[in-house]
Amino acid sequence: HSFPTRRSSDLVLKEVLDAEIQIVGKVNDVIIDDNTFEITDIVVKKSGLTEQIKSSENIVPIDFVKTIGDKVLLKSNEDIIWFLCFLKNI
């Protein structure tokens with residue numbers, strides 16, 4: 001899944017929401033493919049109490065992102081499971 005080209009700095013600090021519209025953190029960084037210059041992953045820093053306890057960052061493949069607007073919305077677990085099964089069968 002690709003999104004319209006955007007500057008990576010546009011994504012940093014955007015809130016990340018899960019499929020149930022719960023805040024899971026903020027975009028802390030992005031990972032860009034050196035050949036295509038497309039964003040391949042976002043680095044999400046968890047927010048809340050876990051942020052204070054330890055450095056908690058997760059790398060989320062861009063394929064797990066449903067939409068990017070004012071916030072970043074992740075796909076549902078069902079979408080992610082389907083996607084992983086699809087990749088396994090390729």
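Side-chain atoms are counted along with the backbone in the values below, which use heavy atoms only and exclude waters and symmetry mates.
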- Message: My understanding is that a hydrophobic cluster links ILVMFWY residues whose side chain heavy atoms are under 4.5 Å apart, including indirect links. Using that, what else belongs to the cluster containing Ile21?
- Response: Leu17, Ile23, Leu73
- Query: Would a hydrophobic clustering, with Ile, Leu, Val, Met, Phe, Trp and Tyr connected at side-chain separations under 4.5 Å, put Val27 with Phe64?
  - Reply: yes
- Query: Considering the options Val72, Ile39, Leu11, which one meets the side-chain contact (heavy atoms from CB on, under 4.5 Å) requirement together with Val65?
  - Reply: Val72
- Indicate yes or no for a side-chain donor-acceptor contact from Asn58 to the backbone of Val60 under 3.5 Å, with no hydrogens or angles considered. no
- Where Asp29 and Val12 come nearest, the two heavy atoms and their spacing: CA-CG2, 4.4 Å
- Item | Results of side-chain contact (heavy atoms from CB on, under 4.5 Å) for Asn77 - residues two or more places apart only | none
- Message: Please determine whether the number of non-hydrogen atoms from other residues, nucleotides or ligands lying under 6.0 Å from atom CD1 of Ile31 exceeds 12.
- Response: yes
- Any chance you could measure Ile62, atom CD1, to Asp41, atom CG, to the nearest 0.5 Å? 7.5 Å
- Message: Within the 4.5 Å heavy-atom criterion, are Lys45 and Glu57 side-chain neighbours or not?
- Response: yes
- Item | Check: Lys71 and Lys14 side chains under 4.5 Å, non-hydrogen atoms | no
- For Ala19 and Ser76, work out which heavy atoms get closest and say how close. CB-CA, 3.4 Å
